[in-house]
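Computed over heavy atoms, backbone and side chain alike; hydrogens, waters and symmetry mates excluded. Start at 1 and go down the list; that is how both ligands and their atoms are numbered.
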Amino acid sequence: MNIFEVLYNEVISFLGIGHVVEVVKSGDYSSLLTFNGILSVISPFIPFLLIIEIIRALVYKKFKIDDYRIPFFIFVANRFISRFISIAMVALCIGLFEKHSIFKTTFTWYWFIYGYIIWEFSHFIYHFLAHKVRILWCLHSTHHAPENMNLSVTYAHFFLEAPYADFIRTSICILLGVNAPMLFFIMFIDGTWGAFIHVGENVLKDARLGFLNKVILTPSHHRVHHARNVEYMDTNFCNLLNIWDKVFGTFKYEKKELPIEYGITRPMNPRNFWDVYFGEIYYLAKDVWHAPGIKNKFFYLIMPPGWSHTGEHKTARAEKRKLQEKLTVKQINEVQVAAEA
Ligand SMILES: [Zn+2]
Ligand SMILES: [Zn+2]
C-alpha cells in the first residue's frame, strides 16, 4: 500500500463514510435501509460538523491552529492502540459478567428506556470517579486540558481512558441485565451525542438548545463541566440524560454572569503534547515519591486531585468552601457598610 492509499483509508475511516462509499460504488442502495445502513449514515455527522466548525472559524477569522493541534496529535496517537484495547475490554466484560446478570432483557422500547437509565448511571460512576480519584484523573485529565471548546476536544483522550470507562460501564450494564445488542445501540447514540456536546462557540454560540436545556444534558451543560471556574468544577457528569446529576446534586446551569474558563487548574502548557498527555501522571508520581510513609503515598493515589498530606487541600470541594467563605465575608461587610451609611 502506498502512502496515498494509507492516507485515503485513514480519511475515509475518520469521516466514518466507508460503508456509504462502498454503497455508492456498488450502486445498491438497499443496504442503507437496514439497521447498520442507518447507523452508517449517522456516523459521519460529527466528523462533518467538525469540518464545518473549522470552515466557519476560518471564514470568521477566528481559526487558531493551537485549538486543534494537540487534539489532532492525540487522535493520531490513540488511533490504533486505544480503539482495540477498548473493544477487547467490552467483549471481555460481556463474556465475564453476562452469566451473572440479575435478569435478561429483550430489545423492546421499555427495556431500552431501562437500559438507557442504567447506562447513564454507569457513565456517571465512571466519570465521577475519574474526577474524584487522582490516579483515574490521570487518565481523564487529557480530555480537560484544552483551553478552548470545539469538536476536536471529543478526540482528546488518554489512550487508557476508554478501556477504563468501558470496564466500568459495560460491567454495570451487563450485571444489571442490559443485553449486549441493546448496549451497543445505546453506546452508539451515547457516542454521537457525547461528541456533539463539544460543539464549539463558532458553530453554536448559545448552546442551551432552548427548552431542551431543562430536559436533557445540552452542550451548554457540558461546557460547564469543562470549566475550571471553582463554582463550575466537578458538575454535570452525565452525558445525555442528566437524571443522575440531579439525583446526586452535581447538576449546574451555565450562568451568563460567570463566563466559562476552559482547562484544568494547575499551570500547564496546553500547546505541549507531553504536558497534556502525561503531565498529571508526572505530578502524581512526584507527590507519591515525596510523601512521607506508605499511607500518605497510597492516599495520593486514591484521594481526589488536590488532596495534600499536609492538610492544605486544594480539592474542588476545599476550593468551593473557600469561595463560599469569601462570599459570606463579603456579604457581611456589605451589610455592615449599608447599616453604617
Ligand atoms: Zn470530565
Ligand atoms: Zn468533554
Side-chain angles (χ1 to χ4, degrees), residues 46-47 49-50 53 67-68 70-72 74-75 78 82 86 120-166 168-169 187 189-201 203-204 207-209 216-242 244-245 248-252 254 260-266 268 270 276-277 279-281 304-306 315-317 319-320:
I46 295 299
L49 198 58
L50 170 63
E53 191 180 83
D67 295 343
Y68 293 88
I70 293 299
F72 174 73
I74 293 169
F75 172 75
N78 288 346
S82 185
S86 180
E120 275 293 0
F121 175 69
S122 69
H123 181 85
F124 182 93
I125 300 289
Y126 130 70
H127 199 179
F128 183 82
L129 293 177
H131 278 254
K132 296 294 189 187
V133 175
R134 188 152 166 209
I135 191 153
L136 299 177
W137 170 245
C138 291
L139 309 182
H140 186 53
S141 66
T142 302
H143 181 60
H144 281 271
E147 296 186 342
N148 181 285
M149 182 54 76
N150 60 67
L151 278 174
S152 73
V153 176
T154 199
Y155 299 101
H157 286 280
F158 187 68
F159 81 105
L160 286 177
E161 180 173 19
Y164 152 63
D166 284 329
I168 301 277
R169 295 188 297 202
M187 279 176 168
I189 300 174
D190 180 80
T192 307
W193 186 259
F196 172 69
I197 53 179
H198 295 92
V199 65
E201 290 177 16
V203 173
L204 211 58
R208 290 176 297 175
L209 309 184
I216 58 168
L217 189 137
T218 60
S220 164
H221 297 312
H222 198 62
R223 286 177 188 176
V224 167
H225 176 72
H226 273 266
R228 63 174 163 214
N229 313 55
V230 173
E231 217 178 299
Y232 288 146
M233 270 161 78
D234 286 1
T235 58
N236 300 347
F237 293 105
C238 289
N239 206 46
L240 170 62
L241 308 174
N242 45 17
W244 299 108
D245 278 312
F248 294 117
T250 49
F251 175 64
K252 187 110 194 152
E254 181 181 350
I260 292 170
E261 288 171 34
Y262 297 106
I264 60 177
T265 51
R266 78 171 165 85
M268 69 170 305
V276 169
Y277 214 74
E280 288 299 308
I281 297 174
T315 58
R317 206 176 175 189
E319 293 301 309
K320 281 183 192 209

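Look at H225 and the Zn ion (ligand 2): no N/O/S atom of the residue is under 2.8 Å from the metal. None of the N, O or S atoms belonging to H226 lies under 2.8 Å away from the Zn ion (ligand 1). Residue side and main chain included, H144 places no N/O/S atom under 2.8 Å of the Zn ion (ligand 2).
Looking at K132 and D234, a side-chain N of the basic residue comes within less than 4.0 Å of a carboxylate O on the acidic one, giving a salt bridge.
Considering the Zn ion (ligand 2) as centre, the angle to NE2 of H198 and to NE2 of H222 is 90° (10° rounding). Around the Zn ion (ligand 1), the angle linking H131 (NE2) with H127 (NE2) is 100°, rounded to 10 degrees.
Aromatic rings of H144 and W137 (six-membered ring for Trp) have centroids within the 6.0 Å cut-off, being under it.
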Test ring pair (Phe, Tyr, Trp, His ring centres under 6.0 Å) applied to H225 and H143, step by step: CA-CA 11 Å; H225 176 72; H143 181 60; 7.8 Å; no

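The nearest N/O/S atom of H143 to the Zn ion (ligand 2) is NE2.
Between H127 and H222, the ring-plane angle classifies as tilted under the 30° and 60° cut-offs.
For the pair Y232 and E261, the minimum side-chain heavy-atom distance is 4.5 Å or more.
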